[in-house]
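Report on the following structure.
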Amino acid sequence: MPDLNLIQKIAIWVIPVLLAVTLHEAAHGWVANRLGDPTARMLGRLTLNPIKHIDPIGTVLVPAILLLLPGHFLFGWARPVPVSPRNFKHPRRDMALVGAAGPCANLLMGVAWCIVARVGVSLPASAAHVSLPLALLGVAGIFVNVLLLVFNLIPLPPLDGGRVASGLMPREWARVYDRIEPYGFWILLLLIVTPILGLILWPPVSALLGALASAAGMGGGEFVVLLQMLM
């Protein structure tokens with residue numbers, strides 16, 4: 001396998017990352033709009049234009065810095081899609097559905113990138129100039145979407161998993177649980193700088209990566225080799 005330089009790695013990552021973030025946020029807005037809240041649509045956030053969803057610091061600067069640091073732990077965020085629960089007929093249920101929409105979009109994208117990766121690994125060796133880039137794109141797409149899916153489903157407000165958990169709880173419990181939200185970012189930061197986040201994320205991430213790699217026609221070892229080329 002050839003070594004990739006930094007420019008080549010960025011070129012491979014940029015499309016899967018932008019699509020993962022854009023469709024994740026657009027899915028929140030689309031479901032909210034379907035459930036009666038037009039806020040995101042009125043603000044132009046029901047779009048696949050990544051510029052509308054990118055946060056210059058959270059989507060570009062922070063991941064780029066982390067990619068250059070030892071360990072290659074990727075973390076970032078996009079501009080949250082604005083949602084007004086008062087526009088919903090069933091605010092608690094509908095907020096849970098809106099919260100689940102983003103991770104569901106990432107799951108669908110992960111499956112779509114499986115197809116790209118499968119095409120790449122199925123091409124003959126004589127087409128390596130096409131097959132390798134496709135396989136790497138597929139691996140990057142699978143990886144970033146699985147990470148976003150699992151990370152966002154952590155049941156901690158204001159992550160998507162917090163919205164879903166709050167909507168599933170009895171109303172009295174949810175009122176107490178929602179009070180965590182002002183401290184959610186700092187709790188999350190604490191998890192990131194300690195091994196705790198890895199302990200939480202790795203089992204479901206590993207299981208999903210293995211399942212999608214298998215669907216893409218790769219063994220776990222082949223997937224890891226391709227992923228290491230991108231790190």
Side-chain angles (χ1 to χ4, degrees), residues 17-47 50 52-63 66 73-107 109 144-194 196-201 204-205:
V17 168
L18 286 180
L19 282 176
V21 170
T22 298
L23 292 178
H24 178 104
E25 294 301 330
H28 287 314
W30 185 82
V31 171
N33 187 60
R34 296 285 295 179
L35 293 173
D37 175 32
T39 305
R41 174 171 55 81
M42 293 171 64
L43 293 175
R45 297 296 300 278
L46 293 189
T47 175
K52 294 286 188 177
H53 303 289
I54 285 175
D55 181 294
I57 295 177
T59 315
V60 180
L61 184 61
V62 170
L66 291 176
F73 178 80
L74 288 177
F75 171 70
W77 60 90
R79 291 173 56 210
V81 166
V83 177
S84 298
R86 64 179 179 274
N87 291 324
F88 295 141
K89 292 182 179 179
H90 308 283
R92 296 182 65 246
R93 184 204 67 182
D94 293 348
M95 278 300 294
L97 291 173
V98 170
C104 285
N106 290 126
L107 178 59
M109 279 186 282
V144 72
N145 279 287
V146 166
L147 276 186
L148 279 175
L149 163 64
V150 176
F151 178 79
N152 277 286
L153 283 180
I154 295 174
L156 175 67
L159 294 177
D160 298 334
R163 308 293 188 201
V164 174
S166 179
L168 295 176
M169 290 179 181
R171 193 177 301 271
E172 295 76 15
W173 293 13
R175 287 197 189 99
V176 176
Y177 178 75
D178 290 342
R179 293 175 189 167
I180 300 173
E181 184 161 347
Y183 313 102
F185 177 80
W186 300 108
I187 296 172
L188 188 58
L189 191 60
L190 178 64
L191 294 176
I192 289 171
V193 300
T194 65
I196 298 174
L197 185 63
L199 294 175
I200 294 172
L201 293 182
V205 166

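Scope of the values below: all heavy atoms of this structure, side chains included, with no hydrogens, waters or symmetry mates. Every value quoted in this text rests on a predicted model; they were computed, and no experiment measured them.
Contact record, P157 with Y177: CD-OH, 3.5 Å, taken as the closest heavy-atom pair. The two residues G99 and V164 come nearest to each other via the heavy atoms C-CG2, 4.1 Å. P85 and M95 get closest at one heavy-atom pair: CG-SD, 3.8 Å. Listed here is the closest heavy atom pair of A40 and G29: CB-CA, 3.8 Å. Closest heavy-atom contact between N152 and P103: CB-CG, 4.2 Å. Listed here is the closest heavy atom pair of P50 and L18: CB-CD2, 4.3 Å.
Taking CG from L159 and CG from L153, the interatomic distance works out to 9.0 Å, rounded to the nearest 0.5 Å.
In summary, of the residues considered (D37, D94, N33, V31), a side-chain contact (heavy atoms from CB on, under 4.5 Å) with V83 occurs for D37 alone.
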Which atom pairs, one a donor and one an acceptor, fall under 3.5 Å between side chains of residues 181-191 and the rest of the protein, sequence neighbours left out?
| unit_1 | atom_1 | unit_2 | atom_2 | d |
| --- | --- | --- | --- | --- |
| E181 | OE1 | R163 | NH1 | 3.1 |
| E181 | OE2 | R163 | NH2 | 3.3 |

- Applying side chain to side chain contact (heavy atoms under 4.5 Å, CB included), run through M109 and L148 and close with a yes or a no. CA-CA 11 Å; M109 279 186 282; L148 279 175; over 6 Å; no
- Message: Determine whether I154 and L201 satisfy the following criterion, side chain to side chain contact (heavy atoms under 4.5 Å, CB included), listing intermediate values before the conclusion.
- Response: CA-CA 9 Å; I154 295 174; L201 293 182; 3.8 Å; yes
- Query: side chain to side chain contact (heavy atoms under 4.5 Å, CB included) between T47 and H53: does it pass, once the steps are laid out?
  - Reply: CA-CA 9 Å; T47 175; H53 303 289; 3.9 Å; yes
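At a threshold of 4.5 Å between non-hydrogen side-chain atoms, the residues R92 and R171 count as touching.
For the pair N145 (side chain) and A20 (backbone), a donor-acceptor distance under 3.5 Å is absent.
For R34, the CZ atom is loosely surrounded, since the number of other residues' heavy atoms within 6.0 Å does not exceed 12.
Partners of R45 under the salt bridge (charged side-chain N to carboxylate O under 4.0 Å, His left out) rule, at least two apart in sequence or in another chain, do not exist in this structure.
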